[in-house]
Trainee: 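Let me give you the structure first, and then I'll get to my questions.
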Amino acid sequence: MYCIVDVETTGHVKGPGRLTEIAIFRHDGKQVVDSFHSLLNPGCPIPPFIRHLTGISDEMVQNAPTFAEVATNVLSITEGAVFVAHNVNFDFAFVQKELNLLGYDFFRRTLCTVRTSRKLIPGHPSYSLGKLCYSLGIPLNGRHRAQGDAAATVLLFEMLLRHDSQGLIPAAH
């Protein structure tokens, strides 16, 4: 199993940054079999730069659940799955930080679609999600929003699976 994840945040993982949105698509290697998405109340103001980038405002998240309220959903949907994300270290570190703050140890195998794309579909001028999706003809609706970016990453991941003659992507169990 794989879980394709994207998060939106108030800033950097080191320091006071918190999650404002999370989207997770559970994938069996052939198709999406489950999903989870939520805006999250970070418990702090969203900086103007982030508000501009994502379109997520303080008003949008004021009645959203806190991460603590969705933590069990995140743990269960990612259980036994490879954690897949575009620039996986960022998304994984944030989810791990939020879970650690709640007293959970969170460890998953990870797979980065940036690094995997560079190996399996070389020669692109940029491997940023937006530019790579554009050059590959992958629709990307809702850029810099967790659900839109994660849905595009699912399509990219499926393309990578089809191109993986080298066995770079661990097999789904």
Side-chain angles (χ1 to χ4, degrees), residues 1-13 17-47 49-102 104 106-114 116 128-130 132-134 138-161 172:
M1 283 291 181
Y2 308 94
C3 277
I4 296 90
V5 182
D6 191 77
V7 300
E8 301 304 330
T9 73
T10 62
H12 301 289
V13 72
R18 300 300 298 265
L19 292 181
T20 58
E21 188 177 31
I22 188 165
I24 304 170
F25 290 94
R26 191 167 174 92
H27 198 287
D28 66 3
K30 294 180 180 51
Q31 65 188 0
V32 171
V33 295
D34 197 4
S35 65
F36 175 77
H37 168 255
S38 183
L39 282 168
L40 299 167
N41 186 330
C44 61
I46 298 170
F49 169 77
I50 302 292
R51 204 168 48 245
H52 254 342
L53 180 69
T54 65
I56 300 171
S57 67
D58 294 328
E59 297 74 32
M60 288 171 67
V61 299
Q62 68 184 1
N63 296 317
T66 63
F67 187 84
E69 293 173 280
V70 304
T72 55
N73 300 81
V74 173
L75 287 165
S76 65
I77 199 169
T78 62
E79 184 70 35
V82 177
F83 189 108
V84 179
H86 206 72
N87 190 12
V88 74
N89 291 345
F90 178 84
D91 299 85
F92 184 81
F94 252 106
V95 172
Q96 187 177 52
K97 171 186 175 176
E98 292 279 2
L99 286 164
N100 288 170
L101 288 170
L102 297 171
Y104 294 101
F106 184 70
F107 300 101
R108 302 287 186 264
R109 288 181 71 183
T110 59
L111 179 83
C112 181
T113 54
V114 175
T116 307
S128 73
L129 186 61
L132 187 59
C133 286
Y134 179 79
I138 294 172
L140 179 47
N141 302 307
R143 183 77 181 107
H144 296 298
R145 288 297 302 272
Q147 197 159 19
D149 286 354
T153 305
V154 166
L155 297 175
L156 174 60
F157 177 69
E158 290 173 343
M159 182 180 285
L160 294 173
L161 282 170

Trainee: Do Asp28 and Met1 have side-chain heavy atoms sitting under 4.5 Å apart?
Mentor: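 A side-chain contact exists here, since the closest heavy-atom pair is under 4.5 Å.
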Trainee: Within a strict 4.5 Å, meaning less than it, do heavy atoms of the Pro47 and Thr10 side chains meet?
Mentor: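 Yes - at least one pair of side-chain heavy atoms lies under 4.5 Å apart.
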Trainee: Compile the donor-acceptor pairs under 3.5 Å between side chains in residues 31-39 and protein atoms, sequence neighbours left out, one pair per line.
Mentor:
unit_1, atom_1, unit_2, atom_2, d
His37, ND1, Gln147, OE1, 3.4
His37, NE2, Glu21, OE2, 2.7

Trainee: Does Gln62 offer a backbone N or O that forms a donor-acceptor pair with the side chain of Asn41 under 3.5 Å?
Mentor: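 It does hold such a pair.
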Trainee: Show the nearest heavy-atom pair for residues Leu99 and Ala71, with the distance to one decimal.
Mentor: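 Looking at all heavy atoms of both residues, the shortest contact is CD2-CB, 3.9 Å.
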Trainee: Tell me the closest heavy-atom pair linking Arg18 and Cys44, and the distance in Å.
Mentor: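 Where Arg18 meets Cys44 most closely, the heavy atoms are CG-SG, 4.4 Å.
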Trainee: Hey, what do you get for CE (Met60) to OG1 (Thr54), rounding to the nearest 0.5 Å?
Mentor: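 Those atoms lie 7.5 Å apart.
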Trainee: Would you say the side chain of Leu155 lies within less than 4.5 Å of the side chain of Glu158, judging by non-hydrogen atoms?
Mentor: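 Side-chain contact under 4.5 Å: yes.
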Trainee: How would you list, by chain and number, every residue that makes a salt bridge (Lys or Arg N to Asp or Glu O under 4.0 Å) with Glu8, sequence neighbours excluded?
Mentor: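 So Glu8 forms no salt bridge (Lys or Arg N to Asp or Glu O under 4.0 Å) with any residue.
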Trainee: Residues two or more places apart in sequence or in another chain: which of them pass salt bridge (Lys or Arg N to Asp or Glu O under 4.0 Å) with Glu69?
Mentor: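 In terms of salt bridge (Lys or Arg N to Asp or Glu O under 4.0 Å), with neighbours along the sequence ignored, Glu69 is linked to no residue.
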Trainee: To the nearest 0.5 Å, what is the distance between OH (Tyr104) and CD (Gln96)?
Mentor: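 Reported to 0.5 Å precision, the distance equals 15.0 Å.
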Trainee: Is Arg143 close to Leu129 at the side-chain level, that is, under 4.5 Å between some pair of heavy atoms?
Mentor: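 Counting from C-beta outward, Leu129 and Arg143 do come under 4.5 Å.
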Trainee: Do Leu111 and Val84 touch side chain to side chain, with heavy atoms closer than 4.5 Å?
Mentor: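 Touching, per the 4.5 Å side-chain cut-off.
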Trainee: For the residue pair Thr78 and Cys3, what are the closest heavy atoms and their distance?
Mentor: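 The answer is CA-SG, 3.7 Å.
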Trainee: Suppose we screen for side-chain contact (heavy atoms from CB on, under 4.5 Å). Which residues come up paired with Phe49, at least two apart in sequence or across chains?
Mentor: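 With sequence neighbours excluded, Phe49 shows a side-chain contact (heavy atoms from CB on, under 4.5 Å) to Leu53, given in chain and number order.
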Trainee: Nearest 0.5 Å please: distance from the OG1 atom of Thr66 over to the CG atom of Leu40.
Mentor: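 Answer for the OG1-CG pair, Thr66 versus Leu40, is 8.0 Å.
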Trainee: Quick check on side-chain contact (heavy atoms from CB on, under 4.5 Å): which of Val5, Val82, Val88, Asp91 does Thr110 satisfy it with?
Mentor: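 Going through Val5, Val82, Val88, Asp91 one by one, the side-chain contact (heavy atoms from CB on, under 4.5 Å) with Thr110 is satisfied by Val88 alone.
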Trainee: Mind listing the closest non-hydrogen atom pair of Val61 and Thr20 along with its distance?
Mentor: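 Taking every non-hydrogen atom into account, CG1-O, 4.1 Å.
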Trainee: Judged by atom type as modelled, is there a donor-acceptor pair below 3.5 Å linking the side chain of Asn141 to the main-chain atoms of Gly148?
Mentor: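 Pair absent, no side-chain N/O of Asn141 close to backbone of Gly148.
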Trainee: Glu98 and Leu19: which non-hydrogen atoms are nearest, and at how many Å?
Mentor: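 For Glu98 versus Leu19, the nearest heavy atoms are OE2-N, 3.0 Å.
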Trainee: With side-chain contact (heavy atoms from CB on, under 4.5 Å) as the test, pick out the partner of Thr153 among Ile138, Thr113, Asp6.
Mentor: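 The passing option is Thr113.
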Trainee: Can you name the residues that form a salt bridge (Lys or Arg N to Asp or Glu O under 4.0 Å) with Arg51, not counting sequence neighbours?
Mentor: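 Salt bridge (Lys or Arg N to Asp or Glu O under 4.0 Å) list for Arg51, sorted by chain: empty.
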Trainee: Measure the shortest side-chain to side-chain distance between Ile50 and Ile56 over non-hydrogen atoms and say whether it is less than 4.5 angstrom.
Mentor: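 No, side chains not in contact.
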Trainee: Provide the full list of ring-ring contact (aromatic ring centres under 6.0 Å, His included) pairs with a residue in residues 62-93, sequence neighbours left out, each pair given once.
Mentor: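 Sorted result for residues 62-93: Phe83-Phe92, Phe90-Phe94, Phe92-Phe106.
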Trainee: For a 4.5 angstrom cut-off between non-hydrogen side-chain atoms, does Asp149 reach Leu140?
Mentor: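 They are in contact (side-chain heavy atoms under 4.5 Å apart), so the answer is yes.
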